[in-house]
Structure formats: C-alpha cells, structure tokens
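For reference, the structure is listed below as structure tokens.
As a basis for the values below, the full set of heavy atoms in this structure was taken, side chains included, without hydrogen atoms, waters or symmetry mates.
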Amino acid sequence: MTTIAPAGFRTHEVFNQAPPRTEVNEYTSNIPLLEGVTRHEAGWANGALADVGDLVGTESFRSDAELANTVTPVFHSHDRYGNRIDEVEFHPAYHRIIGAAVAHGAHTAAWADPKPGANVARAATFMLFAQVEAGHACPISMTHSVVPALEFTPEIAHTWLPRLYSRGYDGRLRAPGDKPGVLFGMAMTEKQGGSDVRANTTRAVANPDGSWSLTGHKWFCSAPMSDAFLILAQARGTALAGDSALSCFLVPRVLEDGTRNVFRIQRLKDKLGNKSNASSEIELDGTVGYLVGEPGRGVRTIIEMVSRTRLDCVYGSAAGMRQSVAEALWHVRHRSAFGATLIDQPAMTAVAADLALESEAATVTALRLARAHDADAGPGEKAFRRLATAVSKYWICKRGPQHAYEALECLGGNGYTEAFPLARRYREQPVMAVWEGSGNVIALDVLRAMTREPESVQAFDAELATARGASALFDRHHDRMRAALTELAVLPSDRAQLRARAVASSMALGLQAALLLRYSPTAVAEAFLAARLGDDRDLQYGSLPDGTDFAAILDRH
C-alpha cells in the first residue's frame, strides 16, 4: 500500500503498512467454523451465516464497533426538570450493532426453533458478532440464557418468552408489551459476597397481589438498560428463613402499565475491557419483582442460566481468538522486514501457526459443546456437557488473554495502540475468565460435578476414548488423566481442591486433542498435540516442532 503525499510532505509517504482489513466475509473465511457448522448438523444455516459474515466484515460495521467503544455510554440520573430517570445513553452505533445481532437471532434463535444443530447455528452467529464487537454480546448472552430459568414458572414464561423470541429491537425504556422484543440482564453479586451469592442481603417481601417488593444493593449489574432482570434476594413473608430463603425474581425495568420500576443506577463501572456495554451498581427500594421458581430455590432456578452464560463465555473467548488470529495474519501477510514478508520468516511463521492452532482448538470445542446443548440431546450428551462445559470454560477462557497478547505483539507498535482492534481485544479477553465464575470457582465446580454426577465423568471419558489409537501421545495423556481422576476421587476435600486446577487443565487439553484428532486435518492435530502435550512443549506460543506443516495449518485461517 503506497500513498503519495502532496509536494512538500514527502516525509509522510506511507508504505509497508497493511491495508485496511474490511469487506471480508468472516464466516466463509473461517474454515474451522464453517466445517464445524456443517459437521454438527447446522449446514442448513450456512446461507444465513454467510450473510452475517458479510455484515460484520463490512467497513461500516467495524466503524460502528469502534464508535461504540470510543463514544462511551453516559449515565443520566435525572432529567432537566429534576425527575429521577436512571437512563444510560449509548451511541447510535451500539444500537445498530445489537439490533443487527437480534435481527439475526444471536440471542434466542435456538430456543425459538429447537431443531438439530440449532445451538450450533446460534453459537456461530453469536461468535461472528462477538468477534468484531464484544460489548453487546453480554445482553445478547443473558437474553439467551434466561429462557430455561423462566420456564420454572409457566405463567411468566407464557408472557415473556414470545417477547424474548422476537427479532425486533428497541433500546428505549418502554412498557415491555409495547416493544418489538425484549432483552434480559441479571444481578446476583453484592459487595460482601461476590461469588458467594448466599451471602446476599437484598430482601424481598411478598405483596398481597402476588408480586414482591425488593430492597437492596447489587454490586454488578451489566446492561442496565435491559427490559428485565433476574435478581436473587432473600424471600421474607414465607415459611422459609435465613439462607434457605434465597430466591429468584424477575424485575422489569418498566412495568406493564408503562410505570418505571424503582431501579436506581448508582454509577457505571469504570471497567477493563470493552467500553460499549455499561456495567453498573444498582439500588432496589421497594422495587416490584415476580417470583421465578420456588421460594428458597433461587440458586437452583438461576443455575441453568449461569451454565448457559458460561458456555457463551467459551464462545466469546473463541470469537476473540479468531479476531486475534485474523488481524495478526492480515498484518504479517502484508508487512515486510529484513528483506522478507513477516509471515515467510520462520520465527513469525511458527508464532502465527501456533496462534491458529489455539483458535481452531477453541472453535472445534465450542461447536461440539453447542451440539450437546441441542434439544435432542440424550442422557449421555447431557452428562457430557455438564462436565465438559465447566472444563472448557476454565481452560479456553484462561487461554484468551495470553493469546490476545501474543497476537497483538505480531502487530508490533501498531498492536499496542487503540487505533487497531487488538488492544481492545486484549482488554476484553480477561472478562470471559472472570464472568460467571473465575478460575477457582469453575475448577471447584468441576470437582462438584465429578462427585455429584459421576455419570458426567463416564461420558467425558467416553468422548475422549473415541480418539484413542490415533496418536500415542494422546493415548498417554488420556491414561494419565484417567489415573489422576481415579486418585482425585479418594482424596480428602482440601487436597482435592489443591489438584482441581491441574486436573481441569488436563481434561481440557485431552478434550481439545481428541476433537482435533477426530475432526481436523492431521497436520493440525499433530502440531497441537506436540505443542501442548509433547515432551518439548513450551509455555510460550511459537515453539512448534521441526517438520510442522505450517502451510496446512495457516491455509485454514
């Protein structure tokens, strides 16, 4: 790319810079994603996904992604007359992005039409949008994940599910029945508890009309302009007392008659990561809510929502890895140094290929999990997904930040500036590991699943066993993993907790290796196994063995 400057400004000639990466179909150019969608019975969605790939690859969509993160949300506590309004104003670019995601079913398409492959198609749609703009994916994910929780209360589901399944979007605060569609959020954590939600002090008192009045403070409430929220509170006025009273409530922002519910935004969080999606602290003071599920069973009611959002964290991390690889490869394929294009220099070739391996492993795993969450999943698939989702959330989300950093480094100084998208991606990736359970919480959940649902261990092992015999390196790792799980089962709780992270990592690598052996080209699987499980494995990207078929790996990206 060469631009000739006007006379007198010859020092400003621009050359040896990569051209803008726009007008790229992000679906058809992502071979691992394209293959996975077809493999897992969602080929019927290829046309729609190609449309999404076209859309998110346009210059206008990328411009909107940048605008949504540079012209940041503004909190308005009162209007000009002094009335309390608690509104967050977003740049129109944010509304265009989230409106497009809703229109293409990134939120609830798999629930609205639950056929084989529905969750695979929805996962791919979600990943394509999240690849380019991550902030809007939070309310999209929560809207998807809330469905099974609402189904605990049929009368609530009857009213709210059709609104959720709609593909219309209106970002204004209006009566939910007057909107073309609705979005959901959630608010569980409080200052004193964090992940320990049973320490919550928000209280709910029953009203004569069947509603409840909630009073308390929530330390994190993301997407506060959503139309409704699931909120945990201690239910009073029932036979339950103490911790056993923790219950789940649906809290609308605007009531059915158009009256604004009491939903006092205290401040927006100045958070790491994307700037497009507002995260807030909120106060509830006699706020109207409706019981979802049984009183005292709040965690049980909301846990399936948590499980689905954890799965979306895997999708989000995989989407981020894809963006990192795509941007890094675009740069090194167009930039020259020391007499050669960067991609043709062995050290850079190895780094780029290793980043691509990580991205492909995450994508293959994400789509396998998506298929296991389809409506036709049998008992074995449900047992597999219970453990595999937690294991994958732990590992893939933790791999995201280091992966983003290494990709950023491929761009050199350009990558470290906010003018290029990888700086934003580097800031964004840690949230996937923190949201819905940070490392220790997820690792302990892996232990809990193995103890309480031993059939999940059997199903997970059976998934890996399908790849045995394809690689001696994999077979040895599988044997070590089996031995570790057997030992873990008889350890005292405190010692088991010390081993939880190591075991979760081993299981995740085993799952990724098995899936690559089954589904990806031999060159990809062999390089991944050597780099992650081999005797000469390294903690850094770019240490691939001699004989690696770099071209076969990189041609897929």
Side-chain angles (χ1 to χ4, degrees), residues 20-65 96-110 113 115-134 136-137 140-141 144 167 311-312 314-330 333 355-371 374 396 407 421 425 515 519-521 524 553-557:
R21 186 177 179 273
T22 60
E23 312 308 327
V24 174
N25 189 304
E26 296 291 2
Y27 180 60
T28 58
S29 64
N30 186 348
I31 302 303
L33 182 64
L34 182 65
E35 290 179 349
V37 165
T38 302
R39 174 172 60 245
H40 293 299
E41 300 181 66
W44 47 264
N46 275 328
L49 289 169
D51 289 342
V52 174
D54 261 336
L55 170 65
V56 301
T58 60
E59 183 177 0
S60 61
F61 191 91
R62 293 174 187 276
S63 176
D64 276 349
R96 288 193 292 267
I97 288 172
I98 199 167
V102 169
H104 286 277
H107 59 328
T108 55
D113 187 12
K115 57 188 173 184
N119 272 283
V120 178
R122 183 261 162 184
T125 306
F126 179 88
M127 290 162 68
L128 288 167
F129 278 102
Q131 174 184 327
V132 181
E133 204 295 299
H136 81 287
I140 291 292
S141 173
H144 165 78
R167 296 196 180 189
L311 179 59
D312 278 1
V314 175
Y315 299 161
S317 292
M321 289 181 182
R322 166 59 188 171
Q323 182 186 41
S324 296
V325 168
E327 296 292 339
L329 280 174
W330 184 264
R333 283 169 171 160
L355 291 171
L357 289 174
E358 192 76 41
S359 175
E360 180 156 349
T363 299
V364 169
T365 304
L367 296 181
R368 173 66 184 92
L369 291 174
R371 185 66 181 94
D374 274 332
I396 292 174
R425 177 56 63 182
L515 293 173
Y519 299 137
S520 294
V524 172
I553 296 169
L554 292 171
D555 284 349
R556 297 171 59 75
H557 300 265

For a quick test of reading the model, state the closest non-hydrogen atom pair linking [X] to [Y] and the distance between them.
X: E358; Y: M321; value: O-SD, 3.8 Å
X: L55; Y: A100; value: CD2-CB, 4.0 Å
X: T28; Y: A50; value: CG2-CB, 4.4 Å
X: T108; Y: H144; value: CG2-CA, 4.1 Å
X: S520; Y: V364; value: OG-CG2, 4.1 Å
X: A103; Y: R167; value: O-CD, 3.2 Å

(request) Kindly state each residue pair satisfying salt bridge (charged side-chain N to carboxylate O under 4.0 Å, His left out) with at least one member in residues 27-43, sequence neighbours excluded. (result) E35-R556, E41-R371
(message) According to salt bridge (charged side-chain N to carboxylate O under 4.0 Å, His left out), does anything in residues 51-61 pair up with another residue at least two apart or in another chain? List the pairs.
(response) none
Going by the rule side-chain contact (heavy atoms from CB on, under 4.5 Å), which residues pair with [X] if we only count those two or more places apart in sequence or in a different chain?
X: A356; result: V325, I553, L554, H557
X: T38; result: N46
X: A48; result: none
X: T58; result: E23, S60, F61

Can you list everything that forms a side-chain hydrogen bond (donor to acceptor under 3.5 Å, both in side chains) with [X]? Sequence neighbours excluded, please.
X: H136; value: E133
X: S29; value: R322
X: T22; value: none
X: Y315; value: none

Could you tell me whether a side-chain N or O of [X] sits under 3.5 Å from a main-chain N or O of [Y], the two making a donor and an acceptor?
X: D374; Y: N119; result: yes
X: S324; Y: G320; result: yes
X: S141; Y: A137; result: no

Throw together a table of side-chain donor-acceptor distances under 3.5 angstrom for residues 121-130, partners on residues two or more places apart or in other chains.
from: R122; atom 1: NE; to: A106; atom 2: O; distance (Å): 2.9
from: R122; atom 1: NH1; to: D312; atom 2: OD1; distance (Å): 2.7
from: R122; atom 1: NH1; to: D312; atom 2: OD2; distance (Å): 3.4
from: R122; atom 1: NH2; to: A106; atom 2: O; distance (Å): 3.3
from: R122; atom 1: NH2; to: D312; atom 2: OD2; distance (Å): 3.0
from: T125; atom 1: OG1; to: A121; atom 2: O; distance (Å): 2.8

(request) For residues L49 and L34, determine if any side-chain heavy atom of one lies less than 4.5 Å from a side-chain heavy atom of the other. (result) no
(message) Just verifying a value: how many Å separate L311 CG and L369 CG, rounded to the nearest 0.5 Å?
(response) 6.0 Å
